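Right, one structure below, let's go through it.
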Amino acid sequence: MLAQTLMLRFGEDGEELEELVEVAADNPILPVTSELFWGAITFAALFLLVKYVLLPPVQKTMQERADLLRADLDAADAAREKAGSVATEVSDQLADVRAESAQIIDAARAEAEAERARIVGAVEVEVAAAKAEAEAEISAARQRAMAGVGPAVADLAADAASRVMNRPIEAGAARPVVDRLLNSPN
Amino acid sequence: MELEFPSIDNLVKWPAYFGDGTFYAFNKIALISVLAVLIPTVLFKMAKKDMVPRGVQNIVEGTVEFVEKQVVLSAIGPEGLKYTPLLLSIFLFVFFGNIFEVIPTFQMPANARMANPVILAIVAWVSFIGIGIKAQGLGGFLKSSLFPPGVPTALMPLVSIIEFISTFLLRPFGLAVRLFANMLAGHILLVTFAVLCITLFQPSILAAILPFSFAMLVGLVGFEIMVSLIQAFVFSLLTAVYIKLSLHAH
């Protein structure tokens, strides 16, 4: 149509016009009416289909997916924040528990130390008492033993001295010497 | 050996399947245009609505996302999302019009004929003018389009004429011719190497060149697939840029 309209402007008489129109229709560059017609019809159909039928459901699906992803991301962020706060809370609680346990351990240690000192003190007193009693018993036993041994040793010494000196010696005379020897530290 | 290259009419003109000689004559170009509507429709309808996209749904959503991000948001911004249906339609119509260049039995891009690029250029032209008038008012749109700020008063008439030609004539013309010329050139290139391969496929010493010619043909098929996509992207992106320029006074 475009080509024909352009050529009609230049046509004077009928014969020349027909020839010009034919030349125009043969030109491979110029658009042809029927192709323009079908091009316009089909593009209009495609545009209407895309606008009202084809595109809306696709965009709806894409939007729903984007919303879902956004919601999931928001939920993940919220969960992350919640986890962070819970972790902080747990950490704080752990710190409190650690401090409290340290206090308890310190108190228990102090108490145990005091108890140990008390027990050790009591045992030491008891041991000292037992030791003193034992020493007293030993001393008494020694005194008793010495008291029992003195006359016998004096008799033995007097007898031995009598044999050496070949004259009788009274055991009573040797008694002070024997007592002095038995009582000496060496 | 004789190289018989077909005439340009044999490369781009197709007989009508029906309605020959009428305004609704239905030929290969019209068939490709119809398929450029049917294929996206079928693909979009086949796409499931799963939260985890697979298969066709991936292709469809990937295409929509590509147009939204790489065309609408990059050229216009968030305010341009309401024009996504228009720009997606342009993208799909151009791409599926182009891709038939490499599909056996068709082997003809609909946009290597001037009709579809002209229609799309008119759509872009009407869109950015209509959107500009709606956004700025008729006076504001004409003022921002024809009288750029900062131009000396003496030069304003000349600049206004240049701006008028640039904005209202060259933009749609450039859109249409860029798409048409690129696709026609690619089509002729493919035909050239295909004809060369056919001609060389004979018992002759020149048959030694055939593998290189065929490799070139295969490479060009891949190249034209890329061109089909790029032209669809460029056409929709430029339309988005023109809409962006119409939305605000500059």
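Worth saying up front: this structure is predicted, and the values here are computed from it rather than measured. Quick note: numbers below take in every heavy atom, side chains included, and nothing from hydrogens, waters or symmetry partners. Below, read A as the first sequence line, B as the second, and so on, with proteins coming before strands; counting in each chain starts at 1.
Of all the heavy atoms in Ser89(B) and Leu46(A), the pair that sits closest is O-CD2, 3.5 Å. In terms of heavy-atom proximity, Thr61(A) sits nearest to Met51(B) at O-CE, 4.0 Å. Here the closest non-hydrogen pair linking Lys45(B) and Val53(A) is NZ-CG1, 3.7 Å.
Under the salt bridge (Lys or Arg N to Asp or Glu O under 4.0 Å) criterion, the residue pairs touching residues 70-93 of chain B are Glu79(B)-Lys244(B), with sequence neighbours excluded.
With respect to Glu64(A) and Lys49(B), no salt bridge is recorded, no charged nitrogen being found less than 4.0 Å from a carboxylate O.
Side-chain contact between Pro53(B) and Arg65(A): present, with at least one pair of heavy atoms (C-beta onward) separated by less than 4.5 Å. Between Ser34(A) and Thr22(B) there is no side-chain heavy-atom pair separated by less than 4.5 Å.
Residue Glu126(A) qualifies as open at atom CD: its count of foreign heavy atoms under 6.0 Å is 12 or below. In this structure, Tyr17(B) places its OH atom where more than 12 heavy-atom neighbours from other residues, nucleotides or ligands lie under 6.0 Å away. Taking a 6.0 Å sphere around CZ of Phe233(B), one finds it holds more than 12 heavy atoms contributed by other residues, nucleotides or ligands.
Contact annotation for Pro117(B): neither backbone nor side-chain heavy atoms come within less than 4.5 Å of a heavy atom of chain A. Neither the backbone nor the side chain of Ala47(B) comes within contact range of chain A; no heavy atoms are under 4.5 Å apart. Proximity to chain A is limited to the backbone of Asp50(B), based on heavy atoms less than 4.5 angstrom apart. Contacts of Phe180(B) with chain A are made by side-chain atoms alone, with heavy-atom separations under 4.5 Å and no backbone atom involved. The part of Val123(B) that comes within reach of chain A is its side chain, from C-beta onward, which places non-hydrogen atoms under 4.5 angstrom from that chain. Contact of Leu54(A) with chain B is made through backbone and side chain together, with heavy-atom distances under 4.5 Å. Using a 4.5 Å cut-off between heavy atoms, Ala176(B) makes no contact with chain A at all. Of the atoms belonging to Ile90(B), heavy atoms from both backbone and side chain fall under 4.5 Å from chain A.
By number of non-hydrogen pairs under 4.5 angstrom with chain A, the leading residue of Gly97(B), Pro85(B), Ser33(B) is Pro85(B). Options Val177(B), Ile119(B), Leu120(B) differ in how many heavy-atom pairs under 4.5 Å they form with chain A, and the most are formed by Ile119(B). Among Phe43(A), Phe37(A), Tyr52(A), the residue with the largest count of heavy-atom pairs under 4.5 Å with chain B is Phe43(A). Note on Ile8(B), Val60(B), Val64(B), Val12(B): by heavy-atom pairs under 4.5 Å with chain A, the leading option is Val64(B).
Put simply, the residue from Glu61(B), Glu65(B), Glu68(B) that forms a side-chain hydrogen bond (donor to acceptor under 3.5 Å, both in side chains) with Gln59(A) is Glu68(B).
In terms of modelled atom types and a separation under 3.5 Å, the side chain of Arg113(B) and the main chain of Pro28(A) share a donor-acceptor contact.
In this structure, the side-chain contact (heavy atoms from CB on, under 4.5 Å) partners of Ser162(A), at least two apart in sequence or on a different chain, are Ile169(A).
A donor-acceptor pair shorter than 3.5 Å cannot be found between the side chains of Glu35(A) and Asn116(B).
To the nearest 0.5 Å, atoms CG (Asp9(B)) and CG (Asn27(A)) are separated by 9.5 Å. Here the CG atom belonging to Leu49(A) is positioned 11.0 Å from the CG atom belonging to Leu92(B), to the nearest 0.5 angstrom. Note that OG1 of Thr42(A) and CG of Leu35(B) are 10.0 Å apart. Values are rounded to the nearest 0.5 Å.
Checked against a 6.0 Å centroid threshold, the rings of Tyr24(B) and Trp38(A) do not count as neighbours.
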